[in-house]
Amino acid sequence: MTDRTLARAEEVLTELVELIETARTLPMSSSCVVPRERTLDLLDALREVLPPELAEARRVMAQRERTLSEADGLAEQQLRQAQEQAQAAVSAGQAQAQAMLEAAEQQARTSVSAAEAQGRELVEVGQREQDRLVSAASVHQAAVSEAARLRAETDEQCQTMLAAAREQAESLTSQARDYAHTTLSELVDNLQRLAATAENGRNAIGQQSPPAT
């Protein structure tokens, strides 16, 4: 738009604004009454000024539409590419996640198997240790019972032997006493017989007269 055309357009627009501002308003309304012919004249004058610019504007609008269409096409293409890339990334991520999940499950199964084997081994070791302790306790209890039985038998045997020894000692003492009494009695009898014999001998000697001298 040239300066002259622009000045003319501004002039017509200014006149239109003044025409509207100075128009008579209707009572109880924001509407106004403008002179029809003068207004149409000003609009015709404005149309005469604007056609070249309107053509330029239509060209610009067409260019804008083409630009927007191209931009939409480009955006749609970029969106489609982005969606394809996103889908590829999602597929790759899902494949990687599936692989990681399978590896984790395999590792978990291996860990569980190892833990179960270790647990069974510990249980077996604990069972063997328990059996050993129970056996040791049984042996200890049996030993204690056997010792008590042997001690009781020993005590009983000692009591029996002690009673027999006492009985034998009493028997020997009685036999010794009887033997001593018998021996002393025989000795007394022998002494008495010897004394009698001696007395008889002495009496016999006393009765013999001494030979005459």
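Starting from 1, each residue takes its place in the sequence as its number. Quantities reported herein were computed from a predicted structural model and do not represent experimental measurements.
Counting heavy atoms from C-beta on, the side chains of Gln98 and Gln94 never come closer than 4.5 Å. Using a 4.5 Å cut-off on side-chain heavy atoms (C-beta onward), Leu122 and Gln118 make contact. Side-chain contact between Leu172 and Gln175 is present, with at least one heavy-atom pair separated by less than 4.5 Å. Two residues are said to be in side-chain contact when any heavy atoms from C-beta on lie closer than 4.5 Å; Thr39 and Ile20 fail this criterion. Ser135 has its side chain out of reach of Asp131: every pair of non-hydrogen atoms, C-beta onward, lies at least 4.5 Å apart.
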* Mind running side chain to side chain contact (heavy atoms under 4.5 Å, CB included) on Leu74 and Glu70 for me, showing each step along the way? => CA-CA 6 Å; Leu74 181 60; Glu70 292 176 356; over 6 Å; no
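A 6.0 Å sphere centred on CD of Gln81 holds more than 12 heavy atoms belonging to other residues, nucleotides or ligands. Within 6.0 Å of CD on Glu129 lie more than 12 heavy atoms contributed by other residues, nucleotides or ligands. The local environment of CD in Glu153 is crowded, with over 12 non-hydrogen atoms from other residues, nucleotides or ligands closer than 6.0 Å. Environment of CD in Glu37: sparse, with no more than 12 heavy atoms of neighbouring residues, nucleotides or ligands closer than 6.0 Å. Annotation: Arg151, atom CZ; neighbour count of heavy atoms from other residues, nucleotides and ligands within 6.0 Å does not exceed 12. Taking a 6.0 Å sphere around CD of Glu146, one finds it holds more than 12 heavy atoms contributed by other residues, nucleotides or ligands.
With rounding to the nearest 0.5 Å, the separation of CZ in Arg149 from OG1 in Thr154 is 9.0 Å. Here the CG-OG1 distance, from Leu187 to Thr182, works out to 12.5 Å after rounding to the nearest 0.5 Å. With values rounded to the nearest 0.5 angstrom, Gln192 atom CD is found 13.5 Å from Glu199 atom CD. Taking CD1 of Ile205 as the reference point, atom CG of Asn200 lies at 11.0 Å (rounded to 0.5 Å). A distance of 10.0 Å separates CZ in Arg8 from CG in Leu13, rounded to the nearest 0.5 Å. Of the inter-residue distances, the one linking Leu162 atom CG with Arg166 atom CZ reads 4.0 Å to the nearest 0.5 angstrom.
Residues meeting the side-chain hydrogen bond (donor to acceptor under 3.5 Å, both in side chains) test with Glu105, sequence neighbours left out: none.
In the hydrophobic clustering, where aliphatic and aromatic side chains (Ile, Leu, Val, Met, Phe, Trp, Tyr) are joined below 4.5 Å either directly or transitively, Leu26 groups with Val33.
For the 3.5 Å distance criterion, the side chains of Arg80 and Gln77 fail to qualify, holding no donor opposite an acceptor.
Panel note: side chain Ser171, backbone Glu167; no donor-acceptor pair is recorded below 3.5 Å. In this structure a side-chain-to-backbone donor-acceptor pair under 3.5 Å is present from Thr67 to Gln63. In terms of modelled atom types and a separation under 3.5 Å, the side chain of Ser69 and the main chain of Glu65 share no donor-acceptor contact.
When every heavy atom of Val12 is checked against every heavy atom of Leu42, the shortest pair comes out as CG1-O, 3.2 Å.
Cluster annotation: Met61 and Leu68 are assigned to distinct hydrophobic clusters (Ile/Leu/Val/Met/Phe/Trp/Tyr, side-chain heavy-atom contacts under 4.5 Å, transitive).
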